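Accompanying notes for the structure given below.
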Protein chains: 2
Amino acid sequence: MAKAPTVYDVAERAGVSIATVSMTFRRPHKVKEETRKIVEAAAEALNYVPSASARGLAHGHTGALGLYSFDIFLPEPDGSLGGVAPISTRSRAKVPVVRDDGDDDYRRFPLYVHEVQRGVELECWQRGYALLIGAASRADSATRVTDIVGRVDGLAVFPHHSGLGDVLERISRRIPVVAVSQRPQDDGLSHVSIDNRGGMRAMTQHLVADHGMRDLLFVGYMDTFDAQERFAGFKAALRAAGLRVPAKPAELTVGNDVETVVADVLARDTLPEAFVCVSDEVAIDLMKALAEHQVRVPEQVAVTGFDGVVAGRVVRPALTTVRQPMQAMGHVVVDILVERIADPAGSPVTRRLPVQVVLRESCGCSRP
Amino acid sequence: MAKAPTVYDVAERAGVSIATVSMTFRRPHKVKEETRKIVEAAAEALNYVPSASARGLAHGHTGALGLYSFDIFLPEPDGSLGGVAPISTRSRAKVPVVRDDGDDDYRRFPLYVHEVQRGVELECWQRGYALLIGAASRADSATRVTDIVGRVDGLAVFPHHSGLGDVLERISRRIPVVAVSQRPQDDGLSHVSIDNRGGMRAMTQHLVADHGMRDLLFVGYMDTFDAQERFAGFKAALRAAGLRVPAKPAELTVGNDVETVVADVLARDTLPEAFVCVSDEVAIDLMKALAEHQVRVPEQVAVTGFDGVVAGRVVRPALTTVRQPMQAMGHVVVDILVERIADPAGSPVTRRLPVQVVLRESCGCSRP
DNA sequence: TTGAAAGCGCTAACAT
DNA sequence: ATGTTAGCGCTTTCAA
């Protein structure tokens with residue numbers, strides 16, 4: 001790991017100036033064939049790799065896009081993830097045999113943000129951008145996001161807790177920023193969101209119209225824009241069907257988890273006909289809690305989710321849900337960024353993508 | 001999007017020198033409280049964000065790690081992914097309702113590389129590194145990987161086709177490089193791999209000892225280190241059991257896909273007792289082909305995979321497989337990189353991680 | 001076609 | 001505690 005060779009080293013070895021070396025890499029055809037060969041040989045011999053930092057500095061932009069996630073999507077730092085000890089390189093280690101793996105990994109990954117990220121990655125690569133991804137816990141997010149900003153030409157951010165709004169607005173005065181799944185507003189950011197309201201309305205309508213249900217309970221954390229819109233869609237559907245419209249959902253909070261909600265409901269003499277959950281994650285947790293209380297889904301009560309994560313296809317019964325076009329969202333995010341980078345004077349754009357109700361088993365629709 | 005403010009602008013506005021501004025951000029406690037306040041206010045007013053390029057250049061390192069994937073894990077660029085048209089921001093769009101989604105997305109994502117990547121991401125964030133991820137098709141991979149190298153302090157690479165070996169060796173002379181799932185060899189790179197041989201041996205042994213099978217067919221693409229080791233483990237188990245050891249697997253190639261293998265096998269008068277597949281992906285494809293020919297798994301023939309991807313839990317019957325500790329691999333990759341960055345003089349390390357046989361339904365073990 | 005030279009924005013001695 | 005100054009490696013006019 002010798003000191004990194006620079007243009008100077010290459011120039012010296014090739015017997016040319018640094019400008020020629022630079023030119024050889026940037027605009028090869030502007031350099032005489034012969035010279036180019038010599039420079040390339042020197043570069044190769046020296047293991048020369050241009051420094052992106054220097055280039056970015058001189059050039060004014062970095063050629064990279066950034067994607068930032070906040071603590072809400074990070075697992076607790078319990079360190080358990082790295083807890084696999086390496087084995088000897090040559091030994092014939094005993095290989096454990098287990099009956100199915102009871103692990104729940106599929107419930108934590110991939111979440112919908114990860115599928116959106118996948119879309120971002122694919123689009124970046126196709127366009128030749130490098131992608132810098134970062135994340136941090138709430139405490140240091142302002143610092144860390146700033147750290148990312150310094151090295152990218154555009155930034156995408158996933159939902160975050162309040163308090164970062166100002167930081168993002170400031171950032172958006174420097175580089176384009178697009179916020180995913182946040183309330184589109186006039187904050188200088190571009191926005192990509194989905195049809196939460198319509199999706200939840202259609203889902204609810206399915207339960208009411210196709211399954212003849214009348215007693216539905218909306219369950220979920222209500223601290224995001226998506227959640228509020230979904231609840232609004234739920235209410236709209238009930239209203240349209242002439243059913244009683246609840247003022248509040250069964251709101252989950254740190255002190256009131258799914259387990260508690262289930263216990264509460266079971267304490268009443270009748271079960272609702274369906275739990276309409278704000279997300280697949282909640283729905284899956286709920287089904288688990290229900291199973292522990294010997295309540296059968298969908299026979300005794302239906303359960304629906306929202307998002308369309310893979311986990312919903314793993315669980316039994318398979319989860320009926322509203323599917324977000326996650327990868328497409330990622331593509332759109334990059335589209336916007338690239339567009340805004342090309343035209344920094346333009347104004348922020350907001351785009352909404354369509355969703356789809358996906359009927360599986362948990363609502364009572366039979367297995368296809 | 002005005003021109004980005006710099007230390008000079010902040011310094012001028014705060015009435016201090018640029019060194020003080022820099023100091024305020026790098027070592028706040030070395031600056032008088034009062035001065036710090038002034039500088040911070042000026043920075044805030046100006047929307048100042050330090051340039052990572054400049055910092056990296058001055059400082060000598062970037063604070064970022066890189067992760068590179070090659071074309072084998074990229075989907076065909078058919079552009080179909082972005083094909084979701086935005087809908088009007090205010091309209092009440094019609095929401096389609098479909099019975100289950102026939103889409104196969106879960107088979108393409110997350111693959112095992114994505115779960116390893118997830119581990120890398122988590123570990124990077126915990127350690128305060130930014131993560132730059134890149135990918136490219138075979139044609140331009142040498143260029144693109146070099147582009148990444150210029151902006152990171154350490155690089156991890158997923159399996160690649162030959163031809164990149166030289167490039168990587170050269171790179172490893174500049175920054176630490178760790179190769180995932182490649183043959184550990186004395187090429188200057190660090191290596192992280194798994195117990196392919198032991199895992200496949202144990203899997204095969206389960207089939208032979210617990211299910212009493214004697215006629216097993218190994219199926220898979222054989223163009224990777226992992227694949228070769230797995231086949232070796234398969235043979236070792238047969239040999240140990242006193243069964244006939246095939247010289248060659250049913251090798252898949254571009255011209256000989258799973259469909260063909262199934263057709264070939266069906267043309268014989270007897271089916272093997274089990275298809276032992278080199279990966280979950282092959283196993284899932286195979287089960288699909290089998291289903292199309294009305295062959296029932298596991299009743300008529302068992303199928304096993306290798307990797308432990310989520311898709312194996314989605315398919316019916318659930319796939320019996322050998323599970324790699326994917327996230328842990330990612331953590332180990334970062335561990336190594338960080339270690340090697342701290343001690344550039346040290347030598348490359350190679351680490352092997354243990355696997356686990358996971359019994360589900362496709363081998364004939366009943367549902368738990 | 002190639003070279004000389006002036007930055008790009010920041011850090012870290014060193015000086016004050 | 002703060003200011004001066006010399007780079008860090010590269011790109012890009014402008015000259016030759």
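Just so it is clear, the model here is predicted, and its values are computed rather than measured. First the proteins, then the strands, lettered A, B, ... as listed; each starts at 1.
Residue contacts for B/Phe25: at a heavy-atom cut-off of 4.0 Å it reaches no nucleic acid atom on any strand shown. Contact annotation for A/Arg27: backbone-only contact, meaning every heavy-atom pair under 4.0 Å involves sugar-phosphate atoms and none involves a base. In this structure, B/Thr35 reaches the sugar-phosphate backbone alone: every heavy-atom distance under 4.0 Å involves primed, P, OP1 or OP2 atoms, never a base. No engagement by B/Val21 is indicated, since no non-hydrogen atom pair under 4.0 Å with the nucleic acid exists.
For the side chain to side chain contact (heavy atoms under 4.5 Å, CB included) criterion with B/Leu155, the lone passing option out of B/Leu65, B/Leu67, B/Val145 is B/Val145. Exactly one of B/Val332, B/Asp335, B/Leu337, B/Val338 qualifies for a side chain to side chain contact (heavy atoms under 4.5 Å, CB included) with B/Glu123. That residue is B/Asp335.
Whole-Å rounding puts the A/Ile18 CD1 to D/dG9 C1' distance at 8 Å. Rounded to an integer number of Å, the gap from NZ of A/Lys30 to P of C/dG3 is 15 Å. Protein atom CG of A/Leu57 is 9 Å distant from nucleotide atom C1' of D/dC8, rounded to whole Å. Atom NZ in B/Lys37 sits roughly 16 Å away from atom P in D/dA1 (whole-Å rounding).
Rounded to 10 degrees, the angle between the two end axes of the helix from C/dT1-D/dA16 to C/dT16-D/dA1 is 30°, with five pairs used at each end.
Side-chain N/O atoms of A/Tyr8 and base N/O atoms of D/dC8 include no donor-acceptor pair closer than 3.5 Å.
When each of A/Arg55 and B/Val16 is assigned the nucleotide of DNA chain D bearing its nearest heavy atom, the one mapping closer to the 5' terminus is B/Val16. Residues A/Met23 and A/Ala54 each lie close to DNA chain C; by heavy-atom proximity, the contact nearer the 5' end of the strand is made by A/Met23.
Atom CZ of B/Arg36 and atom CZ of B/Arg27 lie 15.0 Å apart (nearest 0.5 Å).
Here the nucleotide nearest the side chain of A/His59, chosen from C/dC10, C/dT2, D/dT12, is D/dT12. Here the nucleotide nearest the side chain of B/Tyr48, chosen from C/dT2, D/dT11, C/dC10, is C/dC10. Set against C/dG3, C/dG9, D/dG3, the side chain of B/Val7 has C/dG9 as its closest nucleotide. The side chain of A/Ser22 sits closest to D/dT12 out of D/dT12, D/dG9, D/dG3. For B/Ala58, counting side-chain heavy atoms from C-beta on, the closest listed nucleotide (D/dT12, D/dG3, D/dC8) is D/dC8.
Under the 4.0 Å criterion applied to side-chain N and carboxylate O atoms, A/Glu34 and A/Lys37 are not assigned as salt-bridge partners.
Contact detail for B/Ile175 and B/Asp153: the closest heavy-atom pair is CB-O, 3.7 Å.
Contact annotation: A/Ser17 side-chain N/O to C/dG3 OP1/OP2 distance is under 4.0 Å.
Judged as a salt bridge (charged side-chain N to carboxylate O under 4.0 Å, His left out), and not counting sequence neighbours, B/Arg183 has no contacts.
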